[in-house]
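Heavy atoms only: backbone and side chains are in, while hydrogens, waters and symmetry mates are out. This one's a predicted model, so the numbers in the text were calculated from it and none came from an experiment. Naming: A, B, ... by sequence-line order, numbering from 1 per chain.
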Number of protein chains: 2
Amino acid sequence: MLRSKSGPAPHARKPARQSVSLRSLAEHLGLSQAAVSLVINRSPAAKSIPQRTQDLIRQAARELNYRPNQLARSLRQQRSYTIGVVVPEISEGYAALVMSGIEDHLLEEGYFYFVVSHRHRSELIEEYPLLLQQRAVEGLIAVDTAFTEGVQVPLVAVSGHRDVPGVTNIVLNHSQAASLALEHLTALGHRNMAFIKGQEFSSDTAVRWDSVRGAAEVLGIQIKDRLVVQLEGESSSPELGYQVTKKLLASGELFTGLFAFNDISAIGAVQALREAGRRVPQDVSVVGFDDIQSAAFQNPALTTVRQPLREMGVIAAETLLQRITAPPNAPYPKEIIVEPSLVVRASTATAPGSSRVS
Amino acid sequence: MLRSKSGPAPHARKPARQSVSLRSLAEHLGLSQAAVSLVINRSPAAKSIPQRTQDLIRQAARELNYRPNQLARSLRQQRSYTIGVVVPEISEGYAALVMSGIEDHLLEEGYFYFVVSHRHRSELIEEYPLLLQQRAVEGLIAVDTAFTEGVQVPLVAVSGHRDVPGVTNIVLNHSQAASLALEHLTALGHRNMAFIKGQEFSSDTAVRWDSVRGAAEVLGIQIKDRLVVQLEGESSSPELGYQVTKKLLASGELFTGLFAFNDISAIGAVQALREAGRRVPQDVSVVGFDDIQSAAFQNPALTTVRQPLREMGVIAAETLLQRITAPPNAPYPKEIIVEPSLVVRASTATAPGSSRVS
DNA sequence: ACTATCCGCTAAATCGGTTTAGTATGCTCT
DNA sequence: AGAGCATACTAAACCGATTTAGCGGATAGT
């Protein structure tokens with residue numbers, strides 16, 4: 001029954017085997033795998049191998065086009081050089097910009113990343129971090145997504161978490177953002193302002209609203225309940241902003257300034273205002289938030305509070321890699337604050353009937 | 001950097017320090033790794049293991065929160081359940097929409113994917129497929145990117161390749177697309193049309209232009225060289241369309257219809273036209289291409305030829321998975337054609353001075 | 001002459017699973 | 001009693017790398 005080592009069967013060798021392995025390369029050279037590996041990785045342990053042999057090894061590797069299998073390497077080294085990125089929705093301008101920043105830095109440093117989008121489905125939000133960790137990611141970046149538990153690798157959140165242990169938060173200076181917008185509107189003479197709040201599930205909604213109220217108080221602006229609406233629904237189309245702006249208009253309450261939760265809803269708002277016969281910016285000034293790519297190319301071009309999204313992605317990636325390479329119990333930043341800026345374009349103008357009143 | 005309050009609470013109930021391995025689980029149960037593995041994977045070979053033992057194993061796995069390491073599993077099985085997606089640029093509406101479709105299908109089927117973007121840098125276009133294959137991807141999807149060689153896994157291209165062996169192309173029916181646009185403009189009475197061609201590096205540029213010429217011929221439309229401009233530069237902002245439209249205007253040649261290479265450039269074109277005092281659509285009708293998300297929310301809303309981008313992503317993923325699971329030498333589709341549709345919005349209207357002429 | 005080091009490598013363990021072949025035991029059947 | 005078979009598992013090879021310990025011979029130092 002010992003037919004195992006009785007020589008290679010006539011045709012049993014699997015022909016379309018994968019590309020060159022370390023073993024075949026070593027055999028080809030008549031050396032051990034260890035020697036080849038040491039040389040190829042320029043390990044300090046290879047110092048005792050003469051230059052001539054090293055050259056031979058490297059040349060053969062090049063000729064046979066040897067490329068080490070990362071799976072095997074990762075398994076052995078317990079380093080996958082892979083991280084996981086969790087976003088609500090890929091095709092949204094917000095996430096795409098952050099991802100673009102993340103990618104830039106990650107690929108530069110030799111890391112790859114998995115992307116998953118959960119579309120706000122809570123079972124996916126729970127499951128994905130686990131699945132990613134099964135795939136041995138060394139860290140996670142969560143964009144606008146709050147995990148409650150189950151994360152055992154370094155985690156960096158871009159506008160998401162609050163006070164969860166183990167998380168580094170990249171957050172916008174929200175009070176500064178709110179001040180920028182409201183000061184701008186106030187300076188233009190606006191006194192009656194309407195507001196579009198974010199959806200309940202968005203992690204930015206609450207903080208931002210608090211900041212808006214804070215800034216309003218400082219500036220002596222009164223916020224009227226009937227001039228505050230909230231986005232609803234999971235889609236990310238301007239339609240949402242369009243709908244709630246109609247509500248605003250239907251309330252009959254006068255307003256000349258509108259501060260939207262994001263650019264997408266601001267775009268819908270402009271649409272609704274225009275349909276109602278209110279010109280932007282002559283009758284109503286609209287300020288958006290985020291500065292997504294198409295904000296600049298709206299008509300009128302949108303005045304907006306810019307979040308440095310790409311930069312936030314870069315910072316998230318940098319911070320994560322630092323945490324990954326740091327010793328296990330090293331301290332890490334709980335919070336990194338980035339600054340917004342106001343981009344004034346054409347959707348805001350002096351309030352009607354207020355020529356330089358202020 | 002900020003320190004957290006006073007570190008973790010002393011009760012330190014660490015849920016699971018190092019995640020449980022198959023070995024520790026087997027030891028805990030007093031069984032061999034083989035038995036545990038067979039049961040957990042519901043392998044047919046587990047049929048001789050009594051139900052009671054199986055229950056015990058599964059219960060222990062659940063209690064200890066055992067999750068098999070995918071790296072190890074992939075290495076042994078030679079199946080990584082991972083694919084690679086190569087795009088020119090993540091933060092572009094086009095790629096993001098395709099990716100969203102890809103993701104949908106892939107994650108449903110238990111696959112994960114790596115994303116890389118090359119920003120048209122040729123050394124990256126060469127290197128990435130290799131790096132991805134080192135990471136044992138089972139297949140590749142290339143979006144608007146042409147690889148010349150070095151791909152040994154199934155490859156599906158979304159609007160990219162031509163006639164490269166081993167590639168499945170997902171392509172738009174370009175001649176239909178061109179006909180839709182030109183018939184629409186012709187029906188509105190337009191006779192003098194301008195065209196914005198795509199950048200040299202975009203794989204769609206050539207085919208699309210051929211289709212446009214074909215459709216123009218069929219419709220008896222003459223294409224004037226001075227009314228044809230080409231996008232230049234790697235950015236993907238409307239700025240590009242804005243610039244070339246200025247050229248068009250500077251040529252002095254009369255035109256009432258403009259067919260742009262994509263929505264982004266159409267948006268820039270509208271801007272330029274308007275600045276030159278030409279109203280859209282009263283003076284000039286503009287047709288875009290792609291139907292990216294913000295096309296609908298431009299002012300005026302953009303009439304455009306819609307590519308079913310999300311669906312193309314889904315088809316790409318489906319096709320790739322089929323190819324991956326098919327036997328090595330099975331035939332595979334060389335080309336899958338998807339149909340465009342015309343989305344008529346507000347940027348096109350009857351040609352000036354042509355009341356129902358046709 | 002004897003130990004110490006250096007040189008140029010190799011053997012073998014290891015990462016964490018999957019999978020094949022096999023073994024010990026008990027039972028049935030002739 | 002012995003063959004045949006099912007049951008309930010286990011041992012060990014294997015995937016493709018990395019990495020540590022060590023070996024045999026040459027040279028150097030004392």
Between atom [atom1] in [X] and atom [atom2] in [N], what is the gap in whole Å?
X	N	atom1	atom2	result
A/Gln70	D/dT18	CD	P	9 Å
B/Leu38	C/dA21	CG	P	14 Å
A/Leu29	C/dG8	CG	C1'	15 Å
B/Arg42	C/dT19	CZ	P	15 Å
A/Lys47	C/dC9	NZ	C1'	12 Å
B/Gln51	D/dC9	CD	P	12 Å
A/Glu27	D/dG16	CD	C1'	13 Å
A/Ile49	C/dT10	CD1	C1'	10 Å

_Within 6.0 Å of CD in A/Glu149, more than 12 heavy atoms from elsewhere_ =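 No.
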*So, do B/Arg42 and B/Gln54 sit near enough that their side-chain heavy atoms are less than 4.5 Å apart?*
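No; the side chains remain at least 4.5 Å from each other.
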_Sidechain N-carboxylate O distance under 4.0 Å for A/Arg119, B/Glu103_ =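 Judged by the 4.0 Å cut-off on N to carboxylate O distance, A/Arg119 and B/Glu103 do form a salt bridge.
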*asked:* Under a plain distance cut-off of 3.5 Å, with no hydrogens placed, do A/Arg310 and B/Ser91 share a side-chain donor-acceptor pair?
replied: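 Distance-only check fails for B/Ser91 and A/Arg310.
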*Hey, are A/Thr168 and A/Arg323 close enough side-chain-wise for a donor-acceptor pair under 3.5 Å?*
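Per modelled atom types, A/Arg323 and A/Thr168 side chains form a pair under 3.5 Å.
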*Which letter, B, S or -, goes with each nucleotide of nucleotides 12-17 of chain C from 5' to 3', with contact meaning a protein heavy atom under 4.0 Å?*
-BBBBB
_Ring-plane angle category for A/His120 and A/Phe201, please: parallel below 30°, perpendicular beyond 60°, tilted otherwise._
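Tilted: the ring planes of A/His120 and A/Phe201 meet at 30° to 60°.
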*Among B/Tyr81, B/Phe112, B/Tyr111, which residue meets the ring pair (Phe, Tyr, Trp, His ring centres under 6.0 Å) test with A/Phe114?*
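Of all the options given, the one that passes is B/Phe112.
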*asked:* With a cut-off of less than 4.0 Å, is there a side-chain N or O of B/Ser32 near OP1 or OP2 of D/dT10?
replied: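 The answer is yes; a side-chain N or O of B/Ser32 sits under 4.0 Å from OP1 or OP2.
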*Within the pair A/Thr53 and C/dC9, is there a side-chain N or O less than 4.0 Å away from OP1 or OP2?*
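Yes.
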*Taking for each residue the nucleotide of DNA chain D bearing the nearest heavy atom, is the 5' side occupied by B/Pro50 or by A/Ser43?*
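Result of the comparison: B/Pro50.
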